[in-house]
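Here, residue 1 is the first one in the sequence, and each next residue gets the next number. Keep in mind that this is a model prediction, so the values were computed, not measured. Because only heavy atoms are used, hydrogens play no part in the values below, and waters and symmetry mates are left out as well, while side chains stay in.
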Amino acid sequence: MIDTIPMGRSMDPPPHLVREQMARILASPRFTSSERLRALLRYTVEETLAGRGESIKESVLGVEVFERDASYDPRIDPVVRVMAGRLRNRLAEYYGAEGRADPLRIDFPRGTYVPQFGLPSSEPAVPVDQSQRVPGIAVLPLASLSPDPEQEFFSDGMADAIITDLAKIAGLRVISRTSVMQFKKSSIPVPEIVRILDVGYVLEGSVLHAGRRVRITVQLIACPPERHVWAESYERDLSDVLRLQSEIARQVASEIHVRLTPGERSRLSHPPAVNPEAYLKYLQGKHHWHRLGSQTSIREGIACLEEAVRMDPSFAAAWAEMGEACQMVARYAYSAAAAAKARQAIETALALDDTSAAARTLLAMILLDNFEWKRAREELEKVLAMHPNHALAHLCYGELLIRHKDFEPALQELELARSLDPLSPLMANQVGVGLLRARKCNEAMALFRRSAEMDPQFVVTQLHLVLGCLCVGKYDEAIQHARQVIDTGNSVTDMIGMSALAHLRSGRRESCQELLADLERRKCDGEIVGPHILAALYTALGDHGRALDWLEQAVEQRTFVAGYLAVEFYWDDLRAEPRFHALLKKVGLPED
C-alpha cells in the first residue's frame with residue numbers, strides 16, 4: 001500500500017528524489033526494452049514537476065509523445081489509452097518485484113494521465129483478493145441436435161459467434177475457440193475443464209437448426225463449487241441469429257455481474273442484419289478452412305466465403321473471414337495473387353464495419369508482411385483498446401515486437417495470447433518460436449514438445465521441432481522429425497531445407513549439397529520453395545553472395561519470413577555483410 005501525494009502540496013517529495021526514482025524505474029529491464037513507455041513516463045513526470053500537470057491531456061500526449069500530427073483525434077486513435085494502460089501494468093509489476101523496497105513510488109491513477117508521487121506506507125501489504133480477478137469464461141462447443149452430422153458446422157459456428165461477442169467485453173477473460181474445441185464431445189466433467197482452462201464460468205448448451213428456424217438452449221455454470229447460475233432456451237428465425245448471439249452475450253455478462261461500457265453495450269445491441277443463406281455459407285466456409293487439413297479444405301472454405309459475399313455483399317464478417325483464409329494461402333504458398341485478394345477482402349470488411357477486430361487484426365498482419373511497422377502497431381493498438389480478449393491481436397503485437405528485438409514485452413504479449421487460447425498448438429508454437437528468436441532455445445523446445453503432445457499430426461509443430469533441434473544441437477533428432485513430415489507429403493520443401501541444414505551441422509556436407517540440389521530441381525519444376533530456405537542453406541555453406549541474392553528476393557517478394565531478418569538464427573553469419581545491413585535498413589529493422 002502507498003500514500004499518494006499529488007504534486008502541489010507542501011508534502012511533495014523534492015524533484016531530485018522523484019527524478020532519482022524515475023531513473024531507477026527506467027533502468028529496470030521491464031522498461032529498457034520499450035522506448036514508448038519510457039518516453040511516456042519521462043514526459044508526464046517532467047511536465048508534472050514543472051507544474052504543468054493540468055496540461056497533460058490525451059490529445060497532447062498523442063502529439064508530444066507518440067508523434068501523431070496536429071489533427072490527432074483520440075476518439076479514433078486510442079494509442080494513448082492503450083500505452084497508459086501498459087504503463088500502469090508495468091509499474092505495478094515493477095513495484096511488486098525489484099521495486100518493492102524503493103523509497104518512492106510513481107503511480108498513474110486510472111482516469112488521469114498525471115502521475116502521483118508517493119511514499120511507501122508503513123502498513124503491511126494486503127494479499128491480492130482472487131475474487132477481484134477479471135472473471136474468466138469458456139464457451140464449450142454447442143451440441144448439435146440435428147440428425148444430420150453435416151449440420152455440425154452450424155452449432156460450431158454459433159458457439160464461435162458467442163465467443164466473439166463475449167470477447168468484446170473488457171471485464172471478461174474469454175478463452176478462444178481453438179482451446180474450447182478440444183472439449184468437443186468430451187466426457188471431461190465441468191470442474192476439470194474449469195481447472196484446465198483456469199476460468200470461473202462455463203457456458204454450454206445445444207443447437208437445433210431446421211430450415212429457417214433455430215433453437216438454442218444454454219446454461220451458465222460457475223465453479224468451484226459447481227453450481228448452475230442461469231439457463232435459457234430460445235427459438236428464432238435464421239435471419240435473427242446474430243441478434244440472438246449478442247443477446248446471449250449480454251445476458252451472460254449480466255449474470256456474472258460484469259458492467260458493460262457504453263461502447264460495449266452499443267456494439268452488442270446493434271448487430272448487423274445478414275442474409276440467412278449467406279450466413280449459412282459463411283459458417284460452412286469457416287468450418288472448411290479452419291480444419292487446415294489440406295489445400296483442398298482451404299480452397300473449399302474460400303469458395304463458400306466467396307459465395308457468401310456474392311449473396312450478401314454487405315456481410316463484413318464474411319469478407320474478413322475470406323481475407324484471413326487468403327492471407328493464410330499468401331503466407332505459406334508465397335502467393336502474391338492471394339495476398340492481393342486478402343488485402344482487398346479485408347479492406348472491404350473494414351469499409352463495411354470499422355469496428356471489426358478480426359478485420360483490423362488481419363490488416364495489421366498484412367501491414368507486418370509489407371514492413372509497414374508503424375501502421376501495423378497503430379492498428380493493433382486500436383484492436384486491443386476495444387477488444388482486450390483478442391488472442392490473435394496479442395499474438396501479432398508480440399510478433400511485431402519480436403521483429404524489432406523488443407523481446408521482454410514481446411514474450412509477455414505472446415504469453416497473454418496463449419493464456420487466452422491455452423490449448424492451442426498454434427499458440428504454443430508461436431510462443432516457442434518467439435523464445436527461439438530470443439535465443440531461449442531450451443524453453444522453446446519444452447513448448448514445442450508440449451504442442452506435439454496436444455496434436456502429434458500438426459505439421460507446424462514438427463517444423464518448429466526441427467528448428468529447435470537445430471538450435472540446441474540435436475541434429476539427428478532434427479533429421480528424424482523432418483523425415484517423418486516429408487514422408488506424409490506435407491511442407492516437403494521446407495522440411496528438405498531444414499533437414500539439409502541438420503545434415504550440414506552434423507558434418508555431412510555432401511548430404512546437405514545433395515538435398516540443396518534436390519530443392520533447386522523442385523523449384524525449376526514449379527514447386528514452391530521459399531527463397532529464405534535457399535538463403536539459409538547458402539549461408540550455412542559459406543556462400544554469402546548467393547545467400548544474399550536469395551534474401552534480397554525474399555524481401556522483394558514480401559515473404560513474411562523476411563520480416564524476421566533481425567532475429568532469425570540461421571542468418572547470423574551474414575550479419576557482418578554490408579548487403580545484409582542494407583536489407584535491414586530497407587525493411588526498417590534494427591541493425592545492431
Side-chain angles (χ1 to χ4, degrees), residues 34-36 39 62-63 65-69 71-73 76-80 82-83 319-320 323-324 326-332 334-351 354 356-387 390 392-406 409-410 413-414 417 430 434 437 530-532 551-568 580-591:
S34 180
E35 187 52 45
R36 282 153 55 99
V63 175
V65 178
F66 299 106
E67 301 178 351
R68 301 305 197 253
D69 60 32
S71 65
Y72 171 65
D73 185 347
I76 299 172
D77 181 350
V79 61
V80 175
V82 171
M83 297 309 294
W319 281 108
E324 184 176 1
C326 291
Q327 177 68 359
M328 179 70 71
V329 174
R331 276 194 159 200
Y332 295 101
Y334 311 110
S335 168
K341 188 173 181 179
R343 186 156 193 160
Q344 180 184 13
I346 291 162
E347 288 176 347
T348 302
L350 283 171
D354 65 359
S356 169
R360 200 165 290 283
T361 303
L362 292 166
L363 175 60
M365 289 176 66
I366 290 174
L367 294 168
L368 288 175
D369 290 350
N370 283 278
F371 318 136
E372 297 179 51
W373 313 121
K374 184 178 179 183
R375 273 200 66 199
R377 184 189 292 268
E378 290 169 357
E379 296 297 338
L380 289 169
E381 287 171 351
K382 288 177 187 177
V383 174
L384 293 171
M386 292 191 296
H387 303 278
H390 203 287
L392 182 59
H394 284 291
L395 176 64
C396 290
Y397 203 92
E399 290 293 317
L400 169 65
L401 297 172
I402 284 281
R403 295 176 199 216
H404 288 79
K405 304 176 79 168
D406 205 355
E413 287 291 333
L414 295 178
Q430 292 308 112
R437 288 167 175 152
H532 63 285
L551 266 188
E552 285 167 355
Q553 189 176 126
V555 169
E556 192 65 31
Q557 293 177 1
R558 297 290 197 269
T559 62
F560 79 94
V561 181
Y564 295 96
L565 280 176
V567 292
E568 289 291 19
F580 189 82
H581 279 269
L583 283 176
L584 288 171
K585 187 174 182 179
K586 183 175 182 178
V587 300
L589 290 172
E591 296 182 48

> If you look only at pairs with a residue in residues 357-368, which of them pass as a salt bridge (charged side-chain N to carboxylate O under 4.0 Å, His left out), with sequence neighbours excluded?
Replying inline: Arg360-Glu379
> Under the side-chain contact (heavy atoms from CB on, under 4.5 Å) criterion, do Val587 and Leu565 qualify, and how do the steps go?
Replying inline: CA-CA 9 Å; Val587 300; Leu565 280 176; 4.2 Å; yes
> Where do Arg343 and Glu347 land on the salt bridge (Lys or Arg N to Asp or Glu O under 4.0 Å) test, with the steps shown first?
Replying inline: CA-CA 6 Å; Arg343 186 156 193 160; Glu347 288 176 347; 3.2 Å; yes
> Under 4.0 Å between a Lys/Arg side-chain N and an Asp/Glu carboxylate O for Glu568 and Arg403?
Replying inline: no
> Can you name the side chain to side chain donor-acceptor pair (under 3.5 Å) partners of Gln344, sequence neighbours left out?
Replying inline: none
>> With a 3.5 Å distance limit and no angle check, can you tell me whether His387 reaches the backbone of His390 through a side-chain donor-acceptor pair?
In response: no
> Looking at side-chain heavy atoms only, is the closest gap between Leu401 and Leu414 below 4.5 Å?
Replying inline: no
> Which residues satisfy the side chain to side chain donor-acceptor pair (under 3.5 Å) test with Gln557, sequence neighbours excluded?
Replying inline: Gln553
> Of Thr361, Val383, Leu384, which is the lone residue that meets side chain to side chain contact (heavy atoms under 4.5 Å, CB included) with Tyr397?
Replying inline: Leu384
> Which residues satisfy the side chain to side chain donor-acceptor pair (under 3.5 Å) test with Glu372, sequence neighbours excluded?
Replying inline: none
>> Run the salt bridge (charged side-chain N to carboxylate O under 4.0 Å, His left out) test against Glu556 and tell me which residues pass, sequence neighbours left out.
In response: Lys586
> If you look at every heavy atom in Ala562 and Leu589, which pair is closest and at what distance?
Replying inline: O-CD1, 4.4 Å
>> Between Asn370 and Ile366 (side chain of the first, backbone of the second, donor and acceptor by atom type, cut-off under 3.5 Å), is there such a pair?
In response: yes
> Are Arg437 and Tyr564 in a cation-pi contact, defined as NZ or CZ under 6.0 Å from the six-membered ring centre and within 45° of the axis?
Replying inline: yes
> Are Glu67 and Arg36 close enough for a salt bridge, meaning some N to O gap below 4.0 Å?
Replying inline: no
>> Could you work out, with side chain to side chain donor-acceptor pair (under 3.5 Å) as the rule, every residue matching His394, not counting sequence neighbours?
In response: Glu413
